[in-house]
Asks: 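Below is one structure. I have some questions about it.
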Amino acid sequence: MAGHGADEHPHGADRLCEAGDRVYSRAVRRGRVPRRDAEPVPCLLELALLHPDPDDMDWLVPTSPQEVMTRLLRGMHDEVSASQRRVGSAVAAVEWYAGLGRQVRPAASGAEGPAIRVLDGLARIQAAMDEATQACTTEVLTVQPGGIRREAELSEGLHRALALRGRGVRMRDLYTHVARHGQGLLTYLELMGDAVEARTLDEVIDRLILFDRTVAFIPANSDRTMALELRHPALVAYLVTVFERLWRLAIPLTAPLPDTGIEGISHREQSIAALLAEGHQDAVIAERLGISVRTCRAHIARLSETLGAASRTQLGVRIAQAGLDGPQRSATPLTLPGQESPSVR
């Protein structure tokens with residue numbers, strides 16, 4: 001197989017090259033392929049999609065698509081978990097630096113101002129945001145937690161967004177999956193056109209706005225009447241890295257949410273099940289997913305019904321049995337013992 005090294009096939013099992021797709025598909029249909037057919041595509045052996053037939057080493061047999069899907073889903077789950085741990089570390093680091101910032105006396109002079117500035121009051125926050133908007137020339141990155149965005153919230157920053165669009169500034173926004181159901185957000189994105197790209201995740205960090213990768217704004221209290229303006233290069237670079245990691249894991253707003261592969265359980269219910277398995281209370285789950293506690297409990301009730309659980313304790317057991325406390329084990333619809341095929345919600 002000389003001359004066909006991995007450099008010619010720089011991909012993973014999630015996106016095969018055209019030649020690899022043909023050979024692997026043929027192997028799945030026929031049960032095996034001659035070894036010579038796989039010589040132009042060493043990637044299939046490197047990715048363990050094909051392996052020698054123990055009965056005849058001149059032939060290669062495929063790894064089942066179900067096993068490949070399980071491997072991909074497990075990798076995705078591990079990646080998301082690692083990213084969430086990094087985000088938690090980032091938030092803790094910001095809080096620590098913010099505490100240090102309050103202890104540092106402002107310098108007697110300095111053209112760029114303090115590295116960390118506390119903005120007390122909505123008027124002062126809006127003024128600082130307007131100033132950063134006027135100075136911005138290339139890019140704005142935002143994280144918008146919570147659920148459906150209220151039209152009043154979207155209108156509040158519309159003048160800044162339109163000013164940025166007029167100067168050719170690109171914007172990328174991260175929301176929770178719940179925000180997909182808000183007409184106000186869809187109208188806002190339609191108005192902004194291709195100046196804004198939006199993606200969603202099950203959970204995001206608290207609000208974050210980054211201008212030109214030089215200045216960042218984050219909340220300084222729970223009701224967001226205070227904010228921190230961060231200009232320290234290391235802090236801002238750290239927050240940019242957090243955003244980019246989340247962005248890579250997020251799903252474009254124009255793309256549908258992935259199917260859970262388990263009959264009768266929606267994507268949101270799968271997320272709730274995973275958080276229940278971690279031991280979180282209803283209110284915490286609701287806040288993290290951007291939904292009301294009432295909606296969260298309605299989903300938990302449907303989960304209990306679908307999984308055939310009569311109590312929260314039993315629900316936890318059924319969640320583990322169904323594989324909802326971690327990566328999905330298969331994309332094949334699952335019907336639990338003692339149940340008819342449940343309807344999709």
Side-chain angles (χ1 to χ4, degrees), residues 1-83 177 199 201-202 248-252 254-271 273-274 306-307 319-337 339-345:
M1 292 189 288
H4 296 285
D7 291 343
E8 298 180 27
H9 301 272
H11 58 73
D14 56 330
R15 52 180 185 88
L16 292 179
C17 58
E18 186 176 348
D21 188 355
R22 286 198 304 270
V23 174
Y24 178 71
S25 299
R26 189 187 314 141
V28 171
R29 289 195 304 270
R30 299 179 181 178
R32 63 178 187 169
V33 292
R35 182 182 288 271
R36 64 176 179 275
D37 287 5
E39 288 181 359
V41 282
C43 53
L44 295 181
L45 287 167
E46 292 163 3
L47 296 171
L49 296 179
L50 294 179
H51 51 87
D53 186 340
D55 297 327
D56 189 343
M57 300 299 286
D58 290 331
W59 291 79
L60 299 172
V61 295
T63 300
S64 71
Q66 290 78 11
E67 184 177 340
V68 176
M69 285 189 292
T70 299
R71 190 191 308 164
L72 289 173
L73 289 170
R74 184 176 296 114
M76 183 184 302
H77 177 269
D78 293 343
E79 190 174 17
V80 170
S81 297
S83 177
H177 290 324
R199 294 187 181 184
L201 281 166
D202 280 323
R248 186 165 57 86
L249 297 170
I251 300 172
T254 54
L257 297 181
D259 194 337
T260 64
I262 301 179
E263 189 175 0
I265 294 178
S266 68
H267 185 91
R268 187 183 300 176
E269 286 160 0
Q270 183 185 34
S271 302
T306 303
L307 297 176
I319 285 173
Q321 290 174 339
L324 293 170
D325 58 341
Q328 299 174 44
R329 296 186 173 91
S330 171
T332 304
L334 174 67
T335 302
L336 296 172
Q339 285 191 298
E340 298 296 328
S341 178
S343 59
V344 177
R345 294 182 175 84

Asks: Kindly write out the residues that satisfy salt bridge (charged side-chain N to carboxylate O under 4.0 Å, His left out) with D56, not counting sequence neighbours, or none if the list is empty.
Replies: none

Asks: Taking the side chain as every heavy atom from C-beta outward, state whether V61 and V33 have any atom pair closer than 4.5 Å.
Replies: no

Asks: Quick check: closest heavy atoms across P52 and M57, and the distance to 0.1 Å?
Replies: CB-CE, 3.7 Å

Asks: Does the side chain of L60 come within less than 4.5 Å of V23's, by heavy atoms?
Replies: no

Asks: If you define the side chain from C-beta out and look only at heavy atoms, does anything of P65 sit under 4.5 Å from V28?
Replies: yes

Asks: So which heavy atom on L49 is nearest to which on Y24, and how close?
Replies: O-CE1, 3.6 Å

Asks: My understanding is that only residues two or more places apart in sequence, or in another chain, count here; which of them pass side chain to side chain donor-acceptor pair (under 3.5 Å) with R35?
Replies: none

Asks: Calculate, to the nearest 0.5 Å, the distance between atoms CH2 and CG belonging to W59 and D37 respectively.
Replies: 8.0 Å

Asks: Can you check side-chain contact (heavy atoms from CB on, under 4.5 Å) on L47 and V68, steps first, answer last?
Replies: CA-CA 10 Å; L47 296 171; V68 176; over 6 Å; no

Asks: Taking the side chain from T63 and the backbone from A48, do they hold a donor-acceptor pair closer than 3.5 Å?
Replies: yes

Asks: So how far is it from D21 CG to R26 CZ, rounded to the nearest 0.5 Å?
Replies: 10.5 Å

Asks: Applying salt bridge (charged side-chain N to carboxylate O under 4.0 Å, His left out), name anything that partners R248, two or more places apart in sequence or on another chain.
Replies: E79

Asks: Can you name the closest pair of heavy atoms from V41 and C17 and give their distance?
Replies: CG1-SG, 4.4 Å

Asks: Show the nearest heavy-atom pair for residues P256 and I251, with the distance to one decimal.
Replies: O-CG2, 4.0 Å

Asks: Considering all heavy atoms of both residues, which atom of L249 and which atom of L201 are nearest to each other, and what is their separation?
Replies: O-CD2, 3.6 Å

Asks: Might you point out which heavy atoms bring D53 and R32 nearest each other, and give the distance in Å?
Replies: OD2-NH1, 3.3 Å

Asks: To the closest 0.5 Å, what do you measure between CG (D202) and NE2 (H177)?
Replies: 4.0 Å

